Trainee: 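Questions regarding the structure given below will be posed in turn.
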Amino acid sequence: MGSISTAGEAAARIAYICSDVIVSVQPSLASDSEFSGFLKKYASNKAPGVVANGIPEVLPVRHNADPLLSVYGPVRSGKLVSVTTSSSILLRSIPHLYKLAQYPVVLHVSLHPSGYPDYSDITSIRQSGFTFLQSESLQEVQDIALTAHALAIKSGKGVIHFFGSASVKQDGPISFESRELVKSVLDLNAVRSFQRGKSTETGIYAEDGRVASVGVPRSQAVLVKGEPSGRVSPVGDKSAGVSTVGSASGSSRRDSSVGSHPSESSATTVESVAPRPISSEDIYNFATQIWTTVKESTGRSYGAFEYSGPTDADAALFVFGADTAMFGQEMDEASPLEQYANAGLLTARLYRPWLGAKISVILPKTVQRLAVLEQVKRKTTKWGPLLLDILMSLKAGGGAGPIIVGHQLGYIEKSTVRQALRGIFQNLLSDAPIQNLQIGKAEGPELSDEETKLKQPSLENAYLKILDQVFGQRLYIANRLGANNAGISSEISSNPEFGFGSLLARSSHRKRFVEEAQKTAKSAEFTTDVPRQWLSKWALAAEDAEKANDLAPEVITRLSTDGSRVATDMLSRKGLFFKEAQWLIGSDAWAYDLGNSGVHHVLASGENVNMLIIDSQPYSERAAADASRRKKDIGLYAMNFGNAYVASVAVYSSYTQVLQALIEAEKFDGPSVVLAYLPYNQEADSPLTVLQETKKAVDLGYWPLYRWNPRREEQGEENFYLDSERIKKELQDFLRRDNYLSQVMKRNPEFSANLSGSYGSEVRQLQKRKAKDAYGKLLEGLQGAPLTILFASDNGNAENLAKRLGNRGKARGLKTIVMAMDDYPLEDLNTEENIALITSTAGQGEFPQNGRSFWEAVRNSTDIDLATVNFAVFSLGDSHYWPRKEDKIYYNKPGKDLHTRLLALGGKALTECGLGDDQDPDAYQTGYSEWEPKLWQALGVANVEGLPEEPPPITNEDIKLASNYLRGTIEEGLQDTSTGAISASDQQLTKFHGTYMQDDRDLRDERKAQGLEPAYSFMIRCRLPGGVATPKQWIQMDEISTKLGNETMKLTTRQTFQFHGVVKGKLRPAMQAINRALMTTIAACGDVNRNVMCSSLPQHSQYHADVHAVSKKISDHLLPSTTAYHEIWLKEDDGKTQIAGDAVVDHEPLYGPTYLPRKFKITIAIPPHNDTDVYAHDIGLIAIKGSNGRLEGFNVLAGGGMGVTHNNKKTYPRTGSMLGYVSADKTHIACEKIMLVQRDHGDRKNRKHARLKYTMDDMGPDVFRSKVEDLWGEKFRDPKPFKFDSNIDTFGWQKDENGKNHFTFFIENGRIEDTADFPMKTGLREVAKVHKGEFRLTGNQHLILSGIADEDLAAMKNMLKKYKLDNTNFSGLRLSSSACVAFPTCGLAMAESERYLPELITKLEGVIEENGLRQESIVMRMTGCPNGCARPWLAEVAFVGKAYGAYNMYLGGGYHGQRLNKLYRSSIKEEEILEIMKPLLKRYAIERNEGERFGDFCIRVGMIKPTTEGKTFHEDRLRKWSRMRKNRGFCIRSGAWDCIIEALLWIYPHSCIYLGGRNRASVYTQFYVVSELRNYLTFALVREKVTSSHDRTFFP
Ligand SMILES: Cc1cc2nc3c(=O)[nH]c(=O)nc-3n(C[C@H](O)[C@H](O)[C@H](O)COP(=O)(O)O)c2cc1C
Ligand code: SF4
């Protein structure tokens, strides 16, 4: 049996067991209360309670966010709610308490400050209608907590259970509660009946008339003294003919019985039941009954008042404070000589209702004098509340009864308790006792009271950091947490109202100072004239922050040297020379009661005060938020005030806009309110979660970004600037009312559709209906049976099948409609005649995105009846996508589920559910070609004669050919403002122009639910040979990303700039801006030669320049010649341009009209640096240095390439084959010829087999070489020797041969952005403004600041330091890592990459440090899909996205990019990744040979086989039986043999295993078992099992 040692745990346990919902009030979401840690633990263990039907729900609420608001929702929906809290929230919650008293809510209240609590928190709310119970020992906390719940349930009224936690700390541990006791005291019938009920009340502040009541037989409901009364029968007393069980839920409106639920037993009585309000006597009876049960079970007895001491005592103490036990002990042990030796001790267990009459029953009649001790610090009346209670109770009848003397109980400790008692009794027994005597010290030492200390949630620091950044030294936060405010508690000083007051004081102080300075500037008392002049200059500018702060240091210096009295006087307050940026920080908690909040005070004052209000409520919580937590819109409130600057910002959406708003707010002369969004559920939320929440909220207008300046109008500008696209309804109404909307729309016509568009699912419904009806129209007039074909498809396979099926159906005379499942109006389903459904499988056995809503509706609907509907389902999947045995259920799960469900709904299956499997020889086509004929058969159209020939599907080759040299209809598409998208074929063509259409995948679901098209935008990729850019170009790129993109830039693995989030309307301006920066984007993507890469080589400038010149030459030489690029993007609209159809006849001398079969990549590496991964490209050039230190020529590799398709063994990564050496001057020609051979021989039928690597393997390198040589007319010479030693960058400072300096920055995954912690983008822009050399982008997505002269070095170092750009102190693993973009923009991404790899590395860094590997470089790469943009297959360890959260893991790549890795595990998630990586890294640290690289190590110890060439990439993935036999053998007789085999294989990698006894099986089976096991078991688990097992014998 467990034990409990704190009051917090005792109360938390009972609360959890006895409630449906526990509102856990916490200091912040990051710091626990004395209860919350336990509650969280129970909830995360999914511990069941007694009361809750499922697992009780724990709801954490910040203590300053009006916590009791959270009670209404659940309690009104029939949930039993309890609250665990400190007493500090009670006073503020009085309005709620009055209402909640009428519900069976229990508050467990720990009195604060702990150590010397103030009972006035309790006495001040004693009239709120709650029942109050007090505990004074640990055991009592448990018993009384239980009593509180039982009583609340029984009475239907709220109960507050209070105690001082610190005073029970000395108590020894107690046992867990007895479940039997809990069940027997809780009236479970009453619980269920309450849970079934639902209250209709909705108000929060207004009294809604609910009164807890009890049911009594009408015959007994007689009015006595104007009040209804009735005999209330205690639990179990059935004699009254009605049980009181109904009372628990029996609160009723005053004038009706609506809302009261008849009790279970009342249903069996003949008498009707009348409700009447619960009386004090009822409470007493219930409590007594509960305590009787407790006593029977535990022997511990409790009463409304409790007396201990002699039955003939002549005096007694009534204690209402924390230290009753201490007094009791001292009195028990008192020597007979003490005055208090024969005194008794009285306490109140049931404090409210106050049943004074019961005191005289237990207080011995012999007591003549009674001292009342009250630990009430904040007293509002002369007499303590308890004293008044007792006087009323004992003296009501007149003068009889004991003399009662009130005392104020101060802080007492063990060593002073005797002295205190002596003092009390001396006074009490004196002839004229003094009332209100203070006993003990007035102030107690506050125990470290972590609980009530406010904390700034660390996530929210983001905004404070930005304030620091923007205002630096000038920043003054009036209510900064943790600031030192002498004599004022942190709770008060961090309160914004307090801060506001202090700001006003500060401002007027400075105002006086300025006036004084103005006067002094005219004084003649200065020693010289200079300080006077400076002072008057300053005084003029004092209110202009920039000027004043510029002048301030000067003035101070001049004054310091003056020495006069006036100067010294001014200097004594020199801080005031600076003009501060004064800010107040508040939280969204104010939004609940705006009129009384700090916001209101600030606005009403009209003072120049800036407020930053941080809102942390996640957008998705909005839906779940209970209606009663009605937050008001602070922004609207402030705008309506009319005199304030208002901005709404979100750091994770637009950093620039945050900066702008803060600066404007500070400049604004008057109140400013900046609402800052930072949604999180828990402090530990990852930035990714916060980012996604923010994006959704901003995109859908829940949190619009805007800036409002009511004075801008005076300058002829608009007051309102919308910085995001959409705004919510309320704001829209405000703007419309004020006629601003029309202005916004005028200025930004592109917003109008969004601004005025309505929201919600109706739109979506309407769209579906429209689409379907349009189809219907099309089909009118056609004959034949209808066939509706619905598909769900993520990547087009299912969609293409569906469309083809539609065409074939038409050819057979059927009326076919084809549409995505989610576009189909479900209400039509019942009326279909024939319906075919084709779905692929996404995620882990999930429906693709465009079928999810359909499936949810079909699965959950109750009114679908398919009695007259014929259906057929075909499903596409991959039986090996999730290779573990227990994951087989995911194979084609959506299709199978759909088939089963449609049958269950009464549909008639036309065929069996068809299954397509990517593993079949023809992939899904294999299964499909069996299924389709069965469908035609069932529909009676199998044998149709004369079917027309099917048109072949349109391929990329067709698109290229028809595009008129890459024009297509791009121009027209750009002009269509009705959509953010362009047509499918233009999407292919724009790639050749260096831009892709994408959509924000974080927002897809949410937007779809809102009836919106996906958030389309474009990625733009520049062409930047060798990755070299000038500082000016850097600044231009920076500007483009800020103004036209999503404020970030990506430095790519191909050494170039990439912009994301460029919306269609800004595409042309962006292209033009890039062109103005003397860059282009042409052929940055598409089936052409892409950006040519080159090692960045900071050490040898001249040599680098030679090689870089070749990269540029190749790049230029292989550029397409089409003029379409210029026409579409660059030419101004002069009406002369000839686009598409009419006929500039272009010519592509190198490419021809169909360009290349597939993309083509060239790179140059300069040994020993393979930082551009020379083996991974179609052409890899290895630079060879001549004896003069200059470039001589290149060894040429061809046929490298990365992209593959998961589970398609016909695709594989490949390293380039050596063709031979060529001199530098001929290199571009050699490259051209290689490209041309590929142009003519590459596979144009199958894009998955079109890259040069397949041409090379199909032809063989020798044949390929000779084809190139034939075309070229020259021969490759023998390759020259070279040596690589790494493929990563060298970070930090390096000097080149000319003495110039170079600094390599660590840019994690190439993302250039500003964050609150690290304003990298700003820093680099500032650097670029002064830099005289160049920027070099590296192939590992980092950046080199190149060519800094010694004389500029110190200044540059300072600058890097200032912006924290000089930090390269990261683990070797992080420095050697890289990730592709993936989510949210890349359409191919199956899993996160750039946003996740840093987190994964952080999780591994602990092991890295522990094992001394911090400095070790291990090349780790991650991509979101097998397209492989970050070249994962050359990494020592790689993760390639398979589905959201799941990756294929590869091991064994060569350290300098020379060897491919190999699949080690399929579809594993983070947990497994860590389980594999952690012990593996540890092993590497211990067992590696001198200088051995991680990839090589994995191969040597047998973790993985080496991949010798691309063609063997898929081979040898499992250990071969023949190899194992060579070594040892093991025999395992019984027991946990599976685990043991695995363990043995782990320990002895090349082993042979025999299964003994009855488990003897074929060699094959054993091998299978072992290889399967490898997939299932974690090493940790295995190790544990094997050491605990004795079932192994071993013979060599
Ligand atoms: C991210 C992802 C997850 C997949 N998950 C499964 C799965 O759980 N079960 C399955 O049978 N097939 C799975 N597959 C295989 C696909 O269903 C299959 O390749 C199908 O042909 C894709 O069709 P589509 O292009 O219409 O989306 C998955 C494929 C991808 C890309
Ligand atoms: S590897 Fe895949 S997911 Fe990553 S950026 Fe390239 S295409 Fe997108």
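We're numbering straight along the sequence, starting at 1. In each ligand, atom 1 is the first atom listed, and ligand 1 is the first ligand listed. This one's a predicted model, so the numbers in the text were calculated from it and none came from an experiment.
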Trainee: Tell me which part of A842 gets within contact of ligand 1: side chain, backbone, both or neither, using heavy atoms under 4.0 Å.
Mentor: backbone
Trainee: Taking only heavy atoms of Y890 into account, list the atoms of ligand 1 that are under 4.0 Å away from them.
Mentor: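 Reading through ligand 1 atom by atom, the close ones are 7 (C), 8 (O), 9 (N), 10 (C), 11 (O).
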Trainee: Using non-hydrogen atoms of the residue, decide whether K1442 is closer than 4.0 angstrom to ligand 1.
Mentor: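 Flag set, K1442 near ligand 1.
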Trainee: Quick test of your reading: applying salt bridge (Lys or Arg N to Asp or Glu O under 4.0 Å), list the pairs with at least one residue in residues 921-931, sequence neighbours left out, ordered by first then second residue.
Mentor: none
Trainee: Kindly state each residue pair satisfying salt bridge (Lys or Arg N to Asp or Glu O under 4.0 Å) with at least one member in residues 1204-1216, sequence neighbours excluded.
Mentor: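 Output for this query lists R1214-D1257.
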Trainee: With a cut-off of 4.0 Å, which atoms of ligand 1 are near a heavy atom of N892?
Mentor: 10 (C), 11 (O)
Trainee: I'd like to check the side-chain contact (heavy atoms from CB on, under 4.5 Å) partners of N1448; sequence neighbours left out, ordered by chain and number.
Mentor: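 With sequence neighbours excluded, N1448 shows a side-chain contact (heavy atoms from CB on, under 4.5 Å) to H1206, K1442, Y1450, L1463, S1466, S1467, given in chain and number order.
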Trainee: Examine the side chains of H880 and N1207 and answer whether a donor and an acceptor come within less than 3.5 Å of each other.
Mentor: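 No, because no side-chain N or O of H880 sits under 3.5 Å from a partner of the opposite role on N1207.
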Trainee: Please determine whether any non-hydrogen atom of P848 lies less than 4.0 Å from an atom of ligand 1.
Mentor: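 Heavy atoms of P848 never come under 4.0 Å of ligand 1.
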Trainee: For Q844, counting its heavy atoms only, list the atoms of ligand 1 lying under 4.0 Å from any of them.
Mentor: 8 (O)
Trainee: Using a distance-only test with no angle check, is there a side-chain donor-acceptor pair under 3.5 angstrom linking Y652 and Q692?
Mentor: no
Trainee: In a check of side-chain contact (heavy atoms from CB on, under 4.5 Å) between M821 and each of T839, N850, V858, which one passes?
Mentor: T839
Trainee: What's within reach of atom 4 (Fe) of ligand 2, meaning protein N/O/S atoms under 2.8 Å?
Mentor: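 As for protein N, O or S atoms lying under 2.8 Å from atom 4 (Fe) of ligand 2, they are C1380 SG.
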Trainee: Among S840, A802, A798, which one puts a heavy atom closest to atom 20 (C) of ligand 1?
Mentor: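 Heavy atom nearest to atom 20 (C) of ligand 1 belongs to S840.
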